[in-house]
Amino acid sequence: MIAYLKLLRWPNLIFIALSLILIKFSFFEEFGATITLNAFGYALLILATLCIAASGYVINDIYDIQADKINKPKKLIVGNKISEKNANNLFITLNVIGVAIGFYLANLLGKPAFVAIFIFSSALLYLYASYLKQIPVLGNILISFLVAFVVLLPAVFDLFPSITPQNKKIQSLLFSILLDYAVFAFLVNLLREMVKDQEDTKGDYNAGIKTLPIVLGHSRTNKVIFATGILPIAAMVYYIYNYLFENTFLVIYSLLFILAPLLYFQVRIWEAKKKNDYTHLSLMLKIILFFGLISFGFYQFLL
């Protein structure tokens with residue numbers, strides 16, 4: 001059981017569920033948004049999202065067996081603690097459950113085309129693991145896009161179906177804020193994906209995966225990551241100055257838990273060389289993303 005939980009990246013799944021819960025109950029409700037899904041319907045949306053995300057982790061580990069034998073031999077699960085056949089069965093089962101729930105929700109909302117979101121996401125995760133991951137940068141962008149889209153799911157299923165001429169202004173405002181968070185999630189996760197490529201270069205090279213550091217080398221890739229890191233920093237400075245400046249708590253929170261760690265990351269990535277350096281920076285970006293997304297929970301105390 002423990003091996004299966006590790007395969008499914010249970011801490012990541014909890015983080016996804018927490019983010020979605022905070023968006024609905026500490027963000028939408030505090031702004032008085034007109035919502036579509038009741039608690040049960042929203043729970044189904046979370047479950048479907050978790051199933052598709054978990055299936056992505058499984059299929060990624062299946063295709064990464066050769067690379068992981070070198071990159072993280074002590075943490076190798078598929079082919080070691082869980083057979084490849086069982087992992088494939090789990091991947092299929094999770095996708096069937098996720099798409100089935102998505103189909104039910106889409107029809108419940110009278111928007112049957114919405115099921116394509118789950119089908120498309122599942123297909124992209126499979127393509128990423130089996131092929132697109134081998135294309136420098138493209139795979140990083142794709143997986144970061146899917147992470148960002150998780151933030152927008154509540155807007156698609158909860159806000160969009162309830163838009164009327166009377167509430168269009170507030171619904172649009174909430175979507176705009178969610179979009180800002182999604183862009184932040186995209187940029188931070190893009191940085192992390194590139195850092196993870198730096199971390200896993202040896203195994204990826206032996207598995208024939210052409211990531212950015214294999215094509216450009218560690219030093220040049222560090223510079224690419226540094227240049228990309230300027231974007232979320234610039235965005236945070238702009239956001240703090242234009243939208244948060246009157247709220248002392250949010251300004252201090254953003255400076256301490258998001259902006260300062262990003263600046264620290266920029267300093268460290270410039271001189272990073274060893275695998276441990278990249279492991280540390282990858283964890284740092286994960287923490288930044290966590291503190292960024294849980295800020296949805298503050299609205300109930302600030303409004």
Side-chain angles (χ1 to χ4, degrees), residues 9 12 56-57 60 63-64 66-68 70-72 124-125 127-151 179-240 254 257-293:
R9 310 288 202 280
N12 292 358
Y57 294 132
N60 194 57
Y63 276 94
D64 275 357
Q66 295 304 316
D68 285 346
I70 298 174
N71 290 331
K72 47 182 181 180
L124 280 180
L125 287 169
L127 286 174
Y128 167 76
S130 62
Y131 174 66
L132 297 177
K133 188 178 182 179
Q134 303 177 35
I135 303 176
V137 182
L138 180 60
N140 302 140
I141 292 174
L142 171 63
I143 205 68
S144 298
F145 168 78
L146 289 174
V147 169
F149 190 70
V150 170
V151 179
L179 187 60
D180 291 337
Y181 273 88
V183 171
F184 169 79
F186 172 84
L187 291 173
V188 174
N189 197 78
L190 179 60
L191 288 172
R192 186 164 182 263
E193 289 298 316
M194 289 191 288
V195 169
K196 285 165 63 181
D197 285 344
Q198 290 276 59
E199 182 183 0
D200 296 338
T201 301
K202 188 175 180 180
D204 290 343
Y205 178 80
N206 281 275
I209 301 174
K210 293 184 178 180
T211 57
L212 197 62
I214 291 173
V215 174
L216 297 181
H218 282 295
S219 180
R220 290 191 181 93
T221 303
N222 279 354
K223 292 178 174 63
V224 172
I225 296 173
F226 180 88
T228 306
I230 295 173
L231 297 177
I233 290 174
M236 280 306 305
V237 171
Y238 174 83
Y239 208 79
I240 291 171
S254 299
F257 296 105
I258 300 175
L259 192 56
L262 280 171
L263 291 172
Y264 169 80
F265 170 83
Q266 289 291 85
V267 172
R268 290 295 303 271
I269 192 62
W270 191 262
E271 57 189 24
K273 293 179 180 179
K274 300 178 180 179
K275 182 180 176 69
N276 287 342
D277 295 334
Y278 297 115
T279 301
H280 170 69
L281 291 174
S282 176
L283 177 61
M284 177 61 64
L285 289 170
K286 194 171 185 179
I287 293 172
I288 292 171
L289 186 60
F290 172 78
F291 280 116
L293 293 185

Evaluation steps, side chain to side chain contact (heavy atoms under 4.5 Å, CB included), between I258 and F184
CA-CA 11 Å; I258 300 175; F184 169 79; 3.8 Å; yes
Can you check side chain to side chain donor-acceptor pair (under 3.5 Å) on D197 and T211, steps first, answer last?
CA-CA 6 Å; D197 285 344; T211 57; 4.9 Å; no
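- Rounding to the nearest 0.5 angstrom, the gap separating the CD1 atom in I214 from the OH atom in Y205 is 8.0 Å.
- Between L138 atom CG and Y131 atom OH the span is 8.5 Å, to the nearest 0.5 Å.
- In this structure the side chain of I143 reaches within 4.5 angstrom of the side chain of L125, judged on heavy atoms.
- Taking CD of E193 as the reference point, atom OG1 of T228 lies at 13.0 Å (rounded to 0.5 Å).
- With values rounded to the nearest 0.5 angstrom, L132 atom CG is found 7.5 Å from L124 atom CG.
- One finds the CG atom of L293 at 12.0 Å from the CD1 atom of I288 (value rounded to the nearest 0.5 Å).
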Please walk me through it: do I240 and S254 pass side chain to side chain contact (heavy atoms under 4.5 Å, CB included)?
CA-CA 8 Å; I240 291 171; S254 299; 3.7 Å; yes
Between K133 and N140, is the side chain to side chain contact (heavy atoms under 4.5 Å, CB included) condition met? List the steps.
CA-CA 7 Å; K133 188 178 182 179; N140 302 140; over 6 Å; no
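- Here the closest non-hydrogen pair linking A148 and A182 is CB-O, 3.2 Å.
- The two residues S144 and N189 make their nearest non-hydrogen contact at OG-ND2, 3.2 Å.
- Between the side chain of N222 and the main chain of I269, a donor-acceptor pair closer than 3.5 Å is present.
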List the steps, then state whether side chain to side chain donor-acceptor pair (under 3.5 Å) holds for N12 with K286.
CA-CA 10 Å; N12 292 358; K286 194 171 185 179; 2.8 Å; yes
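- Sorted by first and then second residue, the salt bridge (charged side-chain N to carboxylate O under 4.0 Å, His left out) pairs with a member in residues 260-272 read R268-D277; sequence neighbours excluded.
- Within the structure, salt bridge (charged side-chain N to carboxylate O under 4.0 Å, His left out) pairs that include any residue of residues 208-230 do not occur (at least two apart or interchain).
- Remark: the backbone N or O of L285 is not paired with any side-chain donor or acceptor of R192 at under 3.5 angstrom.
- Here CD of E199 is found 3.5 Å from OG1 of T279. Values are rounded to the nearest 0.5 Å.
- For the residue pair N206 and Q66, no side-chain donor N or O sits within less than 3.5 Å of a side-chain acceptor on the partner.
- Residue F149 qualifies as enclosed at atom CZ: its count of foreign heavy atoms under 6.0 Å is above 12.
- Taking the six-membered ring where the residue is Trp, F226 and W270 present perpendicular rings, their angle passing 60° and hence far from 30°.
- Heavy atoms only, all atoms of each residue included: F145 and F186 are closest at N-CD1, 3.6 Å.
- Remark: side-chain polar atoms of Y278 are paired, donor with acceptor, to backbone N or O of A272 under 3.5 angstrom.
- Of all the heavy atoms in V215 and P136, the pair that sits closest is CG2-CG, 3.7 Å.
- In this structure the side chain of K275 reaches within 4.5 angstrom of the side chain of D200, judged on heavy atoms.
- Q134 and I209 get closest at one heavy-atom pair: CA-CG2, 3.9 Å.
- What you find for Y63 and S130 is that their closest heavy atoms are CZ-CB, 3.5 Å.
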For L191 and F265, run side chain to side chain contact (heavy atoms under 4.5 Å, CB included): C-alpha distance rounded to whole Å, both residues' side-chain angles, the deciding distance at 0.1 Å, then the answer.
CA-CA 10 Å; L191 288 172; F265 170 83; 4.3 Å; yes
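- Checked by atom type and distance alone, the side chain of Q198 pairs as donor or acceptor with a backbone atom of H218 at under 3.5 Å.
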